[in-house]
Chemist: 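Take a look at the following structure, please.
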Amino acid sequence: MNMAGRDLAAAAADLPMALRRERTHITVRGLNKAFKGQPLYRDFDLDLPEGRIVSIFGPNGCGKSTLMNMIAGLIPVDSGSILFDGKSLKQTVIGYVFQQYREALFPWLKSIDNIAYPLRRAGMPEPAVKARVEELIASFEIQFDLNRYPYELSGGQQQTVCIMRALAPRPEVLFLDEPFSALDYEMTLFIREKLQEIYLKSGVTMVIVSHDLEDAVYLADKVLLLTRRPTRIAEYMTFDMPRPRTPDSMSDPRFVAAKAHALDVFRREVKG
Amino acid sequence: METFDARRLLPIIGPILFFAVWYLAVAYGLVNKVLFPSPFETVAHLFTSFGKGGMQVDVASTFLRTGTAFVIAAAIGVPIGVALGASESAYRSVEFLIDFFRSTPSSALIPLFLLIFGITDANKIAIASFAAFLVILFNSAYGVMNARKTRILAARVMGSNSWQIFKDVLIWESLSQTFVGLRTGVSIALVIVIVAEMFIGSETGLGHRIIDAQQVLNVKDMYASILITGALGYLLNLAFLLLEKRFIHWSGK
Ligand SMILES: Nc1ncnc2c1ncn2[C@@H]1O[C@H](COP(=O)(O)OP(=O)(O)O)[C@@H](O)[C@H]1O
Ligand SMILES: [Mg+2]
């Protein structure tokens, strides 16, 4: 467990962005990946900063999910190295939130047991499991009944359960692949606020794939703009608007300017 | 409220129509009276025959044979099916064999089983078991193979190893398809047991009773036995549907 690092990160979250020293958390070097002989990534390098939120944005099919899945170990790389603070993936606790919450939860388990699954699987004693789940319930201010089965909950509630499950083992990195795209706008706003709250409390490193520019910019400290395949970094944009950001932030000139800039880069890359 | 009550009566309209047509056809002499007794006589015979020992013995022995065949088929078919489904290459290597025997009417194998087991109860159970086994195995294997990819990835990213994924995800994912296999399997077992009772020498069983009644033109008893066989098949199917609803509560959701 990287407790000291997390406490530091939590403390750092209170500091103005400019004063925070940026430490690299995830280092990707010389990454190669091809599908059916067609190269997707060629000699690709990337640094993801510790205790920050990075959004990945780019044209459809450019390899956003593939990149994240390779980092999270869900897809093998052809070659290259991916290190977490110098450690391998095996030595690192990660959380992953899927777009398809319905297909990611276990419908034969009650929602609360879904959340407890990664803890029990890791052999945590039952009183500790209970305590950790209670803690999550309190920090998410859950109003609905977690003793229901996932299919009895609304889409937003199910995605909330997914996020709680991913956070349960106190991951060092939380990966989210299009977490909002199966939700309606109201639920998107709600989950976005929750994620920001969790981030401000815990300072966990987050990587979010999004195809919606507003979602991508809203939560991000950095936006990784990707080109069409073979995929390169078009721009690794910094967005240091202070937190907490609110729905009003979306009309803030800094937000509007960042979005417009990202859109410019995107248009240029798509037109090629 | 009134429309609700009326709707609940819809399912009994079919059976009432069925008995009405039967009754009228007999009453107006549209069918041969020797071959078609009236429905009232048949149903009355059904109840009196149940009072006597013979019918009870026949129902019990058919039920027992079907049940034994089914339990054997399930006990072998589900584990093997789940294991094959977990390894796609293992399944592919026996897929043709399974599909071939699944497409072969099991009744075509009765003479073969006669050679092996002779005219015994074991023979009837063995062949019914074999037929049910194939369909149960096939469904369990497909249940595992069609497991949601996302769920497997979710378990993997939470650090589960292959064995944990197998017991925490694959087995559960396969359950609703497995139940389809069990339900189909018990129906097939009943069909084969009835056929076997008819054509492989037998002293008891509904199949034996039906063909005996036919030989001596005891048509009332033949119809009563057919109705009881139908009821047995229907109730077995219903029992599995209810079990599925109770235990696989997430199915189709
Ligand atoms: N398993 C696979 N086999 C072949 N091609 C794939 C596979 N997975 C992804 N691809 C291809 O790789 C590209 C990137 O996919 P993906 O990472 O899902 O894109 P994104 O998430 O950016 O929309 C797409 O062109 C897709 O067709
Ligand atoms: Mg994607």
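Convention: sequence-line order gives letters A, B, ...; per-chain numbering from 1.
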Chemist: What part of Arg148(B) gets closer than 4.5 Å to chain A, counting heavy atoms only: side chain, backbone, both or neither?
Modeler: side chain

Chemist: First locate atom CG of Leu153(B), then atom CG of Leu74(A), and finally report the distance between them rounded to the nearest 0.5 Å.
Modeler: 5.0 Å

Chemist: Looking at Arg120(A) and Asp113(A), does any basic side-chain N land under 4.0 Å from a carboxylate oxygen?
Modeler: yes

Chemist: Side chain, backbone, both or neither: which part of Phe175(A) has a non-hydrogen atom closer than 4.5 Å to chain B?
Modeler: neither

Chemist: Regarding Arg65(B) and Glu197(B), does a basic nitrogen lie under 4.0 Å from an acidic carboxylate oxygen?
Modeler: yes

Chemist: Is it the backbone or the side chain of Leu89(A) that comes under 4.5 Å from a heavy atom of chain B, or both, or neither?
Modeler: neither

Chemist: Can you tell me if Asn69(A) uses its side chain to pair, donor with acceptor, with the backbone of Ser65(A) under 3.5 Å?
Modeler: yes

Chemist: For the candidates Arg156(B), Glu173(B), His249(B), which exhibits the highest count of non-hydrogen atom pairs separated by less than 4.5 Å from chain A?
Modeler: His249(B)

